[in-house]
Amino acid sequence: MNTTAAQNLATLEQAQEMGLRPEEFDQIASILGRTPNFTEMCVYSVMWSEHCSYKNSIKWLKTLPKDGPHMLVKAGEENAGIVDIGGGLGCAFKIESHNHPSAIEPYQGAATGVGGINRDIFTMGARPIAQLNSLRFGKLENPRTQWLLNGVVKGIGDYGNAFGIPVVGGEVFFDESYQVNPLVNAMSAGILNVDEIISAKAKGPGNPVYIVGSSTGKDGIQGASFASKDITDDSANDLPSVQVGDPFQEKLLLEASLELAKTNAIVGMQDMGAAGITCSTSEMSAGGGVGMDINLDLVPLRQADMRPFEILLSESQERMLVVVKKGEEEVVERIFDKWDLNAAKIGVVTEGGTLRYFMNGECVSEIPAESLVLGGGAPVYEREYAEPQYFRDLQNFKISDVPEPKDLVVVARQLISTPNIASKRWVWEQYDSMVGTANMNTNRPSDAAVVNIKGTNKAIALTVDCNARYVNNDPEKGTAIAVAEAARNIVCSGGEPSAITNCLNFGNPYNPEVYWQFVGAIKGMSAACLKFNTPVTGGNVSFYNQTTKEDGSSSPVFPTPTIGMLGVLKDKSTHTTLDFKYKGDLIFLLGESKDDINSSEYLASIHGIRLSPAPHFDIEEEFRLQQCIKDLIQNNYLNAAHDISDGGLYTCLVEMGLVSGLGFDIVSDSEVRKDAFLFGESQSRVIVTVTEDYEEEFLDMVGEHNVPVTLLGHVTKGKLVVDGEHFGFIEDIRPLYENAIGNVMSK
């Protein structure tokens with residue numbers, strides 16, 4: 001350690017300003033055997049931040065199921081999980097959040113979230129072929145929500161469209177809890193040959209270390225720490241913590257990286273996301289049980305006056321760290337020169353597990369790599385948790401206390417045009433769903449996005465799901481429902497659920513009621529993943545999603561454990577779409593209607609009741625239903641399949657009819673309140689259509705699975721009829737459904 005660095009000792013006050021706790025500052029001193037200098041404390045502050053260390057969540061994350069029949073790379077082993085999809089191919093996929101940056105600068109916050117998640121995929125040697133996103137905002141009529149929505153959607157669209165990867169699916173949800181703190185979760189999936197997986201571990205003392213891609217600037221400094229604290233009225237002052245993205249640079253980096261992956265020159269490669277050079281050098285070193293000597297003055301810079309801690313903590317985009325086989329440097333430099341990108345040798349792999357950072361020949365930081373990462377010296381906490389009063393209060397809810405509206409035709413039109421139910425057309429029209437190499441199977445929609453795998457007869461099915469209102473009202477059940485619905489969407493599209501990735505968005509973990517929500521969500525996710533044999537491949541945790549006000553009070557967002565699920569269609573001919581096909585087709589309900597409006601959009605939007613128990617859900621019923629649908633699709637008995645979810649049965653039928661302009665004539669269940677029948681969201685229900693020619697075989701197979709089935713009615717030319725009452729025509733509903741969000745955003 002040089003004299004200047006040793007004299008520049010960090011103070012407890014500085015540590016606390018950077019988010020470290022007093023006991024953590026003491027722990028760092030114990031690890032080093034001395035007081036850290038300022039640069040070292042900066043390194044620990046980002047690596048021990050919640051965003052990087054998961055110090056308040058890792059204990060519970062370790063309880064999630066990670067083993068499955070198709071797993072090639074498990075959670076925590078590399079940049080993303082990889083699932084075997086057969087034929088020598090694997091699918092790498094992952095979802096991550098970029099919530100805090102998007103709350104401050106929505107365009108760049110969302111754009112760099114897309115860029116970062118795609119780098120996680122192609123650093124493993126996989127070519128990204130599909131993107132999805134899950135977005136949460138406050139009330140749509142609020143001007144700030146409109147500003148955030150416009151910026152986030154434009155950021156996602158501009159980056160993804162320019163990068164050349166299609167957005168194939170997603171979800172958008174509005175609730176006042178997200179008013180200040182939106183959620184922006186980005187998911188990416190890519191395909192690779194299973195014998196060409198690139199590791200993110202550094203190995204081989206003496207091997208050179210390269211930084212490749214864009215130059216390093218001051219954007220994004222302390223971004224990981226920024227993402228590990230509450231949004232406040234002063235958060236706009238943290239704007240330098242928001243990175244700036246360049247999709248054209250990322251496209252060049254993608255092609256150069258995949259070309260490099262085809263050579264024998266590479267040992268390991270990792271994206272520089274949160275915490276930049278600090279994170280990539282420490283995680284690669286710790287993963288391989290080695291150290292590194294890094295010369296910061298060799299890093300290509302955009303600004304000449306950057307100090308060591310700024311270079312280390314910068315989160316400038318479109319950069320990666322590559323460990324190269326000694327003697328193969330020319331191969332790397334030639335490839336990146338071809339793509340007009342930086343490829344600078346900044347260090348070397350060393351023995352002993354120590355990270356040493358140098359500036360102008362002087363050592364400015366000397367830290368054991370293991371002490372910075374999960375499973376090493378990073379702190380692990382289990383926070384106290386307590387059941388909140390609101391959860392006890394909502395158990396008193398009774399459907400009998402809610403008056404049933406007299407005119408359900410009017411209610412149906414109101415519900416179908418609410419922002420959470422209406423088409424997200426205004427959003428997805430800004431995304432290119434066909435750009436790049438992905439090849440959609442059909443323009444007709446299905447419950448999950450289905451993407452062909454070129455050169456094969458296979459396809460993958462992808463979805464993102466989470467009803468945060470359910471999770472808020474019952475974290476364990478609500479999260480189990482999120483997993484079950486994701487699997488149901490895959491199954492209804494003709495696929496076999498394979499694995500999940502998750503993005504766990506919660507409030508402040510030091511709040512016992514928030515941590516209770518988190519623990520319940522993990523328990524519900526574990527149970528459902530075990531039941532559907534969909535192991536967790538990775539993802540991220542995003543705490544501190546809440547607003548702290550001037551008076552010190554805080555308000556967390558709805559707990560939102562977003563589930564991204566991958567499924568496989570072994571034969572893409574099994575792809576099943578949700579649209580009505582033919583007038584006269586029989587409409588069947590699989591599953592049982594319940595006298596249940598719990599936590600429904602109908603209850604929240606029409607009656608203004610936000611708190612009620614989660615809707616009916618029985619995981620065994622759900623499992624039988626999904627097995628039944630799989631067999632029905634394999635036997636080609638279904639013309640259409642669409643799961644009943646947000647908005648209930650009526651919304652489901654309207655969505656099935658709008659594609660081809662067809663309607664429905666159905667009869668309700670006299671044992672169930674009519675508003676519950678039409679708008680309730682009890683789980684484990686799917687609407688299917690069947691031709692009369694297959695009716696007998698269809699009913700026989702459903703009976704074999706012991707799944708309740710009801711003939712509701714038939715498909716019409718365009719008229720909507722319930723119990724003989726005219727609910728209008730499908731073309732009357734179209735503008736209400738398709739233009740609801742666009743009409744607000746265009747004002």
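Atom set for the values below is all heavy atoms of this structure, side chains included, hydrogens, waters and symmetry mates excluded. All values derive from a computational prediction rather than experimental measurement.
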So, the side chain of Gln317 versus the backbone of Gly115: is there a donor-acceptor pair under 3.5 Å, distance only? no
Go through the steps to decide whether Met47 and Cys279 satisfy the test side chain to side chain contact (heavy atoms under 4.5 Å, CB included), and finish with yes or no. CA-CA 7 Å; Met47 290 306 296; Cys279 186; 3.8 Å; yes
Are side-chain heavy atoms of Val349 and Val267 found at a separation under 4.5 Å? no
Inter-residue atom distance Lys523.NZ - Thr479.OG1, 0.5 Å rounding: 12.0 Å
Are the side chains of Ile31 and Glu370 in contact, using a 4.5 Å heavy-atom criterion? no
May I ask you to decide if Ile500's main-chain N or O and Asn502's side chain share a donor-acceptor pair within less than 3.5 Å? no
Looking only at the side chains, is there a donor atom on one of Glu513 and Tyr390 sitting less than 3.5 Å from an acceptor on the other? no
If you define the side chain from C-beta out and look only at heavy atoms, does anything of Pro535 sit under 4.5 Å from Asp67? no
Would you say Glu351 has more than 12 foreign heavy atoms packed within less than 6.0 Å of its CD? no
Value rounded to 0.5 Å, distance of CG in Asn505 from OG in Ser134: 7.5 Å
With side chains defined as the heavy atoms from C-beta onward, is the minimum distance between Arg136 and Cys466 less than 4.5 Å? yes
Within 45 degrees of the ring normal and closer than 6.0 Å to the centroid, is that where the cationic atom of Arg383 sits relative to Tyr381? yes
Once you round to the nearest 0.5 Å, how far does CG of Asn181 lie from CD1 of Ile104? 8.5 Å
Is any side-chain heavy atom of Leu313 closer than 4.5 Å to a side-chain heavy atom of Thr278? yes
Test your reading of the model: is there a side-chain donor-acceptor pair from Gln27 to the backbone of Gly377, 3.5 Å cut-off? yes
Would a 4.5 Å heavy-atom cut-off, applied to side chains only, mark Thr350 and Leu355 as touching? no
So, Ser214 and Gln249: side-chain donor and acceptor under 3.5 Å apart, yes or no? yes
I'd like to know if the side chain of Ser280 reaches the main chain of Gly276, judged simply by a donor and an acceptor atom lying under 3.5 Å from each other, with no hydrogens or angles considered. yes
Please confirm whether the backbone N or O of Val114 pairs with a side-chain atom of Asn118, one donor and one acceptor, at under 3.5 Å? yes
Quick one, Pro208 and Val332 - any side-chain contact, counting heavy atoms below 4.5 Å? no
Any Ser215 side-chain heavy atom under 4.5 Å of Leu301 side chain: no
Donor-acceptor pair between Thr123 and Asp271 side chains, under 3.5 angstrom: no
Kindly check if the number of other-residue, nucleotide or ligand heavy atoms within 6.0 Å of NZ (Lys59) is above 12? no
All heavy atoms of Ala126 vs all of Gly190, minimum pair found to be CB-C, 3.9 Å
Taking the side chain from Glu328 and the backbone from Asn264, do they hold a donor-acceptor pair closer than 3.5 Å? no
Parallel, tilted or perpendicular: which one describes the rings of Phe309 and Phe38, with boundaries at 30° and 60°? perpendicular
Ring-plane angle category for Phe543 and Phe518, please: parallel below 30°, perpendicular beyond 60°, tilted otherwise. perpendicular
Could you give me the CA-CA distance, side-chain angles and deciding distance for Asn472 and Gln517, then say whether side chain to side chain contact (heavy atoms under 4.5 Å, CB included) is met? CA-CA 7 Å; Asn472 183 70; Gln517 294 172 333; 3.6 Å; yes
Scan side-chain atoms only and decide if Ser371 and Tyr44 contain a donor-acceptor pair under the 3.5 Å cut-off. yes
Within the 3.5 Å criterion, strictly below it, is a donor on Ser188 or Asp120 matched to an acceptor on the partner's side chain? no
Nearest-0.5 Å distance, CE of residue Met71 to CD1 of residue Ile82: 9.0 Å
Which atom names give the shortest non-hydrogen contact between Val373 and Ala286, and what distance separates them? CG2-CB, 3.6 Å
Does any N or O in the side chain of Ser314 come within less than 3.5 Å of the main-chain N or O of Glu310, such that one atom is a donor and the other an acceptor? no
Does atom CZ of Arg356 have more than 12 heavy-atom neighbours, drawn from other residues, nucleotides or ligands, at distances under 6.0 Å? yes
Between Met525 and Pro561, which heavy-atom pair has the shortest distance, and what is it? CE-CB, 4.4 Å
Glu40 (side chain) donor-acceptor with Asn37 (main chain) under 3.5 angstrom: yes
Apply the test side chain to side chain contact (heavy atoms under 4.5 Å, CB included) to residues Asn545 and Thr560: give CA-CA distance (whole Å), side-chain angles for both, the deciding distance (0.1 Å), then the verdict. CA-CA 10 Å; Asn545 291 292; Thr560 311; over 6 Å; no
So does Ile311 get a backbone contact from the side chain of Thr216, meaning a donor-acceptor N/O pair under 3.5 Å? no
Checking Asp246 side chain against Phe248 main chain: does a donor-acceptor pair fall under 3.5 Å? yes
At their closest point, which heavy atom of Ala103 faces which heavy atom of Val180, and how far apart are they? CB-O, 3.8 Å
Heavy-atom closest pair, residues Ile58 and Lys55: CG2-O, 4.5 Å
Evaluate the criterion side chain to side chain contact (heavy atoms under 4.5 Å, CB included) for residue pair Leu321 and Met292; output intermediate values, then yes/no. CA-CA 12 Å; Leu321 195 73; Met292 289 184 186; 4.2 Å; yes
Which atom pair, heavy atoms only, marks the closest approach of Asn99 to Ser542? ND2-OG, 3.0 Å
What pairs with Glu23 under salt bridge (Lys or Arg N to Asp or Glu O under 4.0 Å), at least two apart in sequence or on another chain? Arg21
Give, for atom NZ of Lys201 and atom CD of Glu283, the distance between the pair rounded to the nearest 0.5 Å. 10.5 Å
Once rounded to the nearest 0.5 Å, what's the spacing between atom OG of Ser257 and atom CE of Met124? 13.5 Å
Please find out if less than 6.0 Å separates the ring center of Tyr210 from that of Phe336. no
